[in-house]
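Just so you know, ligand 1 is whichever comes first in the structure, and atom 1 is the first atom listed for that ligand. This structure is a prediction, so every number in the text was calculated from the model and none was measured. Heavy atoms only: backbone and side chains are in, while hydrogens, waters and symmetry mates are out.
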Amino acid sequence: MARTRSSSSILLRYFNPAYYLKRPTRLALLFIAFVFVSFIVWDRQTLVREHEEEILMLKEEVEHLQIELEELKHEGGVSVEKTNTRRKRVDIAKTDSISTDPIEAQRREKVKDAMLHAWTSYEKYAWGRDELQPQSKNGVDSFGGLGATLIDSLDTLYIMGLDEQFQRAKEWVENSLDFNKSYDASVFETTIRVVGGLLSAYDLSGDNVFLEKAKDIADRLLPAWNTPSGIPYNFINLVHGNAHNPGWTGGDSILADSGTEQLEFIALTQRTGDPKYQEKVENVILVLNKTFPADGLLPIYINPHRGTTSHSTITFGAMGDSFYEYLLKVWIQGNKTEVVKHYREMWETSMEGLLSLVRKTAPSSFTYISEKIGNSLIDKMDELACFAPGMIALGSSGYGPDDSTKFLQLAEELAFTCYNFYQSTTTKLAGENYFFHSGQDMTVGTSWNILRPETVESLFYLWRLTGNKTYQEWGWNIFQAFEKNSRVESGYVGLKDVNTGVKDNMMQSFFLAETLKYLYLLFSPPSVISLDEWVFNTEAHPLKIVPRFAPGEERKPRIR
Ligand code: DMJ
């Protein structure tokens, strides 16, 4: 007992601080030992962490290679250069997991629910057809039977995480989509909806079937550019390749229809390595640039033989709109580099022209963009022109500080006017166009609403670029008005009159492609389809921005 007591008291004295105070050498040794042990533990933890990260990365790479291997096994003999074009799928769920405030999350879910309602109705009553007529519960082929709504919806489904629905749609594209139809298709509509929708689905999912189909339809459209000037005819037969312009234009091509294929066809060249798509569409801009007016405003009709414009309306609304949009967006798609500088220059010239069309209403001083015929300004603005605030905001950062502020302010003023197009009607949904009379501010002209996206598109850009939550509130109000007036048992319909609220019988494919997508993104974190990495085509299909090469430079696809 005595021995035990004495050995434990020996041990205990090492825990007594007084012991070390009397022995400084031992205290120093103890301190050194402590530092040494801490360093080893800390270093090992860092090593473990680093290895864990590395293992995760390797796992992802293995997964990716396995997918590639599976695809290679299943897809023998496709015409697209497979090894160079295969893409890694974009994991929206990962970016989306970044926490947002609960109201945003709740609103995002409501918009997703709206998409599900629209899509489920389409699946049930119009599967594979171009558009759903919700009241009569049937499908119609307004675009030649190319599955316009289905293709227009692919990326929206993907972004919203509606995976089963996306999968079913993909299977339809793979097994049932057939472009071999003797139909005179609109080059513009087919490009922005079908080529754009397929390319976007490809960029997001990495699935090669979408690229093959995009190539198939683009090849059928391509002869439309075989005109003496290179300005395309606006309609082409998908089987025979005969191209023409509609009689009501007097044989002319339409500005927006001829200058809104650049993003999609350049993207197709980048993804296939075949220069022919890019060459055709870029030539259009070179031709127009030869006679580009000092104010950058082009009339809506162009002669496809001479490549010159005729005396006709100048507008940022119907038939003019997306020509200006694509000047800016090709510059963004081209990484804002020297080879695409002329797009930005043309766009800036057009913005000077736009300033000359800007007027204010009386008495409330709403800012609007008028139209022009000859030297006369017409006090009218289409809802279609409400894409302009978003475009101007998007382009504003490319200016120096003063102009940047000036244009951003203009964008904000115009967005307020567009929001008022909605707020000023009984249903709180905008009419198709507005007229401005002194003393009366604005009155609705054509009073239908066909579920168009332009105003919410601009609200999306302005919210992303300014961070001002007011734009989310406005978007939410517009969404609620759609829910109240346009939601029916089997989908969503337009209104024949925004004041009486009488409904029509059509669910436009752009409601799923654009309106609901922009609303969803308005309530999602900015990292979901970041504007630094993606550029939206005019049908709201995001295309991935990839390195851009000068003509004659390396043209092999760079996407991996
Ligand atoms: C869409 O097809 C596109 O946004 C196009 O640029 C204009 N018209 C509709 C939507 O309103």
Side-chain angles (χ1 to χ4, degrees), residues 118 130-132 142-144 146-156 185-200 221 234-235 254-265 281 300 315-330 369 381-392 394 418 421-422 429-434 445-461 478 482 486 492-495 498 504 506-519 521 535-543:
D130 282 330
E131 285 175 313
L132 165 69
S142 9
F143 298 98
L146 310 181
T149 295
L150 190 146
I151 297 177
D152 245 355
S153 300
L154 285 165
D155 51 9
T156 310
S186 156
V187 174
F188 165 75
E189 298 291 1
T190 314
T191 299
I192 66 170
R193 293 174 204 235
V194 181
V195 182
L198 290 167
L199 284 177
S200 186
L221 298 177
N234 297 155
F235 286 84
I254 295 164
L255 176 64
D257 287 37
S258 309
T260 313
E261 289 87 9
Q262 284 66 26
L263 281 181
E264 296 82 356
F265 279 62
V281 295
I300 53 175
T315 176
F316 279 80
M319 298 197 271
D321 47 10
S322 42
F323 161 71
Y324 302 101
E325 178 186 348
Y326 272 32
L327 289 180
L328 175 70
K329 288 185 172 176
V330 173
I369 309 172
M381 182 171 163
D382 290 345
E383 195 280 339
L384 279 165
C386 286
F387 82 98
M391 171 189 71
I392 296 168
L394 184 64
C418 290
F421 287 174
Y422 284 73
L429 288 175
E432 181 72 357
N433 53 43
Y434 284 80
T446 305
S447 62
W448 68 57
N449 175 295
I450 56 168
L451 306 166
R452 286 198 192 278
E454 290 74 18
T455 300
V456 290
E457 170 183 349
S458 283
L459 299 181
F460 157 74
Y461 280 109
I478 292 174
F482 278 128
S486 292
Y492 287 82
V493 291
L495 302 183
V498 288
D504 70 15
M506 184 62 89
M507 187 169 80
Q508 304 281 341
S509 82
F510 51 67
F511 183 63
L512 294 85
E514 301 192 67
T515 314
L516 292 178
K517 187 189 288 133
Y518 283 129
L519 281 166
L521 293 174
V535 59
F536 288 88
N537 88 339
T538 194
E539 189 79 358
H541 296 306
L543 300 170

>> Applying a heavy-atom cut-off of 4.0 Å, say which part of Glu539 lies close to ligand 1: side chain, backbone, both or neither.
In response: side chain
> By number and element, which atoms of ligand 1 are closer than 4.0 Å to a non-hydrogen atom of Ile192?
Replying inline: 2 (O)
>> Need the ligand 1 atom indices (1-based, order shown) with element for anything under 4.0 Å from a heavy-atom of Arg193.
In response: 2 (O)
> Between Thr260, Asn537, Leu394, which is the residue that forms a side chain to side chain contact (heavy atoms under 4.5 Å, CB included) with Lys329?
Replying inline: Leu394
> Any side-chain donor paired with an acceptor under 3.5 Å for Ser142 and Glu131?
Replying inline: yes
> Which residue holds the protein heavy atom closest to atom 9 (C) of ligand 1, what is that atom called, and what is the gap in Å?
Replying inline: Phe510 CD2, 3.7 Å
>> With a 3.5 Å distance limit and no angle check, can you tell me whether Asp130 reaches the backbone of Gly147 through a side-chain donor-acceptor pair?
In response: yes
> For ligand 1, is any non-hydrogen atom under 4.0 Å from Pro453's backbone (N, CA, C, O), its side chain (CB onward), both, or neither?
Replying inline: side chain
> Looking only at side chains, do Glu261 and Thr191 share a donor and an acceptor under 3.5 Å apart?
Replying inline: no
>> Under 3.5 Å, is there a donor on one side chain and an acceptor on the other for Tyr518 and Glu454?
In response: no
>> Looking only at distances, can you tell me whether any N or O atom of Thr538, backbone or side chain, sits closer than 3.5 Å to an N or O atom of ligand 1?
In response: yes
> For the side chain to side chain contact (heavy atoms under 4.5 Å, CB included) test, which of Lys517, Glu539, Glu514, Gln508 pairs with Asp152?
Replying inline: Glu539
> Relative to ligand 1, is Ile450 under 4.0 angstrom through side chain, backbone, both or neither, heavy atoms considered?
Replying inline: neither
> Under 3.5 Å between some N or O of ligand 1 and some N or O of Glu189?
Replying inline: no
>> Can you report which non-hydrogen protein atom sits closest to atom 10 (C) of ligand 1, along with the distance?
In response: Glu454 OE2, 3.1 Å
>> Please tell me whether Phe536 and Phe387 form a close aromatic pair, meaning their ring centres lie under 6.0 Å apart.
In response: no
>> Suppose I only count heavy atoms of Leu384 and a 4.0 Å limit; which atoms of ligand 1 are within that range?
In response: 7 (C), 8 (N), 11 (O)
